[in-house]
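Only one structure is covered here, and it is reproduced in the block below.
Quantities reported herein were computed from a predicted structural model and do not represent experimental measurements.
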Number of protein chains: 2
Amino acid sequence: MVRKTKEEAEQTRKEIIHAARRVFHEYGVSRSTLEKIAKAAGVTRGAVYWHFQDKAELFFAMREDVFAPLVERTDAYLLSERFDNPLDAIEASITEFFRVLEDSAVVREVFEIMISRCEYVGEFSSVEEEVGRPAQDFLAKIERVYRQAAERGMLRPGIDPLDAARDTWAFTSGLLHLLLSCQRGSDLSQQVSAMIRVHMAMRRITPS
Amino acid sequence: MVRKTKEEAEQTRKEIIHAARRVFHEYGVSRSTLEKIAKAAGVTRGAVYWHFQDKAELFFAMREDVFAPLVERTDAYLLSERFDNPLDAIEASITEFFRVLEDSAVVREVFEIMISRCEYVGEFSSVEEEVGRPAQDFLAKIERVYRQAAERGMLRPGIDPLDAARDTWAFTSGLLHLLLSCQRGSDLSQQVSAMIRVHMAMRRITPS
DNA sequence: TTATAAACATTCATGAATGTATGTAAATAA
DNA sequence: TTATTTACATACATTCATGAATGTTTATAA
């Protein structure tokens, strides 16, 4: 039976993406053949080639599915007006990011694929830029927020907002990488929220 | 002409390792065929198979060549007795690490391969553990040094040594990853030493 | 109702990488 | 001096992934 309805076709497209995620995660991107992915999705390579031009396009689709809404979520916290203290917005945003990472196996799988199961060469070198841009954006955003905190006298004296932003930037990136690539039995995931709290506490005024 | 002398054989072994590094860096590990590596080294696949069992063994040899001496160097700073303030030892150790990374193209290439040009699955999943161990060790070491600083009253009051160590741990890891994977025209490499200084300054007493 | 095109499955040709097996000349040990 | 390894090069068989070409239904528009 072929020639499904439009909705059914969209469904198989999504199943291919989900299967790709599982296969990428298990075998790594370059060892994930389209045959394996198709089989995991319950279709043949013909279906995969119908929906996606090649492996790279499938990879990008899988990534975009998870990435865009995540950035939107964390930005909502970061740019929210409901925090009296801008530092609370930063803390809430970062905490939310790692909370999603902890709660959603799908998100975690995609990040693990991108960090330790993909080689950024050839058709995939553009991925690095696509990932680098949000990182760059994140730095710019938290710098603005830190600046607001400084203006309102809520950043500890002697700390430059840009310096604080860069430090938080590196901290966040490092925490992500450590969490996903060398957790092996370490209790790091249970320490995450405490680490974020401590990190932010160091730049608040009147640290008890 | 075959059957070289022992020293000549050792030389070709090294040339194969160097060629592997260049090829791995350009094409990524999985797309680096032993044929390409052999050609880059000026030999045939026969020579590669003579010196190494397969691609994985060649990869490990290439990595070990660079990794071991680097850890030794940074540890020398970290565990040195010549610093009055233990925090200076930490700062010097981290600074030294990134200085080597900046100065040595070989070291940088190997780190770039390991961070963004290798998939940690199959025969390579053990690499993650091998890299995770030094990271774990680094945390333990700086925690001890932070504790010394606290005992000598040189750590800013209100900061727990373990918390400080974890924060520095994440910071260092993040800085490394940001530096190697999303530098694209950013002036990050020029900011590194300043960022380290700022990071450490936040945990020193009497921040001017 | 029928033609068209969508949504796949199937088949085929091709190339590329791997591992192994075998060849070979020179260094080295006896 | 000669036998034996060493340090490779060459050749071969096999597997495997890719992309394209073609086949096959069936939803859908006209």
Side-chain angles (χ1 to χ4, degrees), chain A residues 1-62 113 117-119 121-124, chain B residues 1-62 113 117-119 121-124:
Chain A
M1 67 213 59
V2 259
R3 178 53 179 163
K4 315 277 183 63
T5 176
K6 254 193 194 314
E7 300 82 41
E8 286 173 316
E10 182 58 25
Q11 178 62 23
T12 66
R13 194 191 121 96
K14 286 188 176 172
E15 271 170 29
I16 291 173
I17 289 183
H18 294 338
R21 175 166 34 77
R22 295 198 303 273
V23 176
F24 283 158
H25 189 265
E26 181 170 358
Y27 298 97
V29 173
S30 62
R31 290 180 183 182
S32 293
T33 138
L34 294 185
E35 172 72 25
K36 273 184 199 164
I37 294 174
K39 217 162 243 174
V43 295
T44 69
R45 270 172 56 237
V48 177
Y49 274 107
W50 174 258
H51 287 284
F52 307 94
Q53 204 167 16
D54 51 19
K55 208 204 285 184
E57 199 182 303
L58 176 52
F59 177 88
F60 290 134
M62 176 208 71
I113 291 167
R117 288 160 165 84
C118 176
E119 299 177 6
V121 288
E123 332 83 278
F124 295 99
Chain B
M1 70 215 54
V2 262
R3 179 52 180 161
K4 315 277 183 62
T5 175
K6 251 191 196 320
E7 297 84 41
E8 286 174 316
E10 181 57 25
Q11 178 63 21
T12 66
R13 193 191 122 96
K14 285 189 176 171
E15 272 170 28
I16 291 173
I17 289 184
H18 294 339
R21 176 165 33 77
R22 296 198 303 272
V23 176
F24 284 157
H25 189 265
E26 182 170 357
Y27 298 98
V29 173
S30 62
R31 290 180 183 183
S32 293
T33 139
L34 294 185
E35 172 72 26
K36 275 185 198 161
I37 294 174
K39 218 163 241 172
V43 295
T44 68
R45 271 172 54 239
V48 178
Y49 274 106
W50 173 256
H51 286 284
F52 306 95
Q53 205 166 15
D54 51 19
K55 208 205 282 185
E57 197 181 305
L58 176 52
F59 177 88
F60 290 136
M62 176 209 71
I113 291 167
R117 288 160 163 85
C118 176
E119 298 177 7
V121 288
E123 331 84 278
F124 294 98

N/O to N/O distances under 3.5 Å, protein versus nucleotides 19-21 of chain D:
| from | atom 1 | to | atom 2 | distance (Å) |
| --- | --- | --- | --- | --- |
| D:dG19 | OP2 | A:Tyr49 | OH | 2.6 |
| D:dG19 | N7 | A:Arg45 | NH2 | 2.4 |
| D:dG19 | O6 | A:Arg45 | NH2 | 3.1 |

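- When rounded to the nearest whole Å, the span between CZ of B:Arg13 and P of D:dT6 equals 16 Å.
- Two residues are said to be in side-chain contact when any heavy atoms from C-beta on lie closer than 4.5 Å; A:Met62 and A:Ile113 meet this criterion.
- Computed from coordinates, the A:Tyr27 OH to D:dC16 P distance equals 13 Å when rounded to whole Å.
- At D:dC8, one or more side-chain N or O atoms of B:Lys4 fall inside 4.0 Å of OP1 or OP2 (strictly under the cut-off).
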**Report entry** Evaluation steps, side-chain hydrogen bond (donor to acceptor under 3.5 Å, both in side chains), between B:Glu119 and A:Ser30
**Finding:** CA-CA 8 Å; B:Glu119 298 177 7; A:Ser30 62; 3.0 Å; yes

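- B:Thr12 has no side-chain polar atom (N or O) that falls below the 4.0 Å cut-off from OP1 or OP2 of D:dA7.
- The aromatic rings of A:Phe60 and A:Phe124 sit tilted, their planes meeting at an angle between 30° and 60°.
- When rounded to the nearest whole Å, the span between CD of B:Glu123 and P of C:dG19 equals 9 Å.
- Whole-Å rounding puts the B:Glu57 CD to C:dG19 P distance at 12 Å.
- The CG atom of B:Leu58 sits 15 Å away from the C1' atom of C:dT18 (whole-angstrom rounding).
- Contacts classified as salt bridge (Lys or Arg N to Asp or Glu O under 4.0 Å) and involving residues 42-52 of chain B (residues at least two apart or in different chains) are not found.
- With respect to B:Glu10 and B:Lys6, no salt bridge is recorded, no charged nitrogen being found less than 4.0 Å from a carboxylate O.
- To the nearest angstrom, P of D:dA9 lies 13 Å from NZ of B:Lys39.
- Side-chain N/O atoms of A:His51 include one lying less than 4.0 angstrom from OP1 or OP2 on C:dC8.
- Between C:dT18 and B:Thr33, a contact under 4.0 Å exists linking OP1 or OP2 to a side-chain N or O.
- Look at A:Thr5 and you won't find any side-chain N or O under 4.0 angstrom from OP1 or OP2 of D:dT26.
- Side-chain contact between B:Phe52 and B:Ile17 is present, with heavy atoms from C-beta onward closer than 4.5 Å.
- Summarising the geometry, the separation between CH2 on B:Trp50 and P on C:dA26 is reported as 17 Å, rounded to the nearest angstrom.
- Comparing A:Glu7 and A:Ser32 along DNA chain D, the residue whose closest nucleotide (by nearest heavy atom) sits nearer the 5' end is A:Ser32.
- Sorted by first then second residue, the salt bridge (Lys or Arg N to Asp or Glu O under 4.0 Å) pairs that include residues 14-26 of chain B, not counting sequence neighbours, are B:Arg21-B:Glu109.
- Here the P atom of nucleotide D:dA27 and the CD atom of A:Gln11 are 17 Å apart, to the nearest Å.
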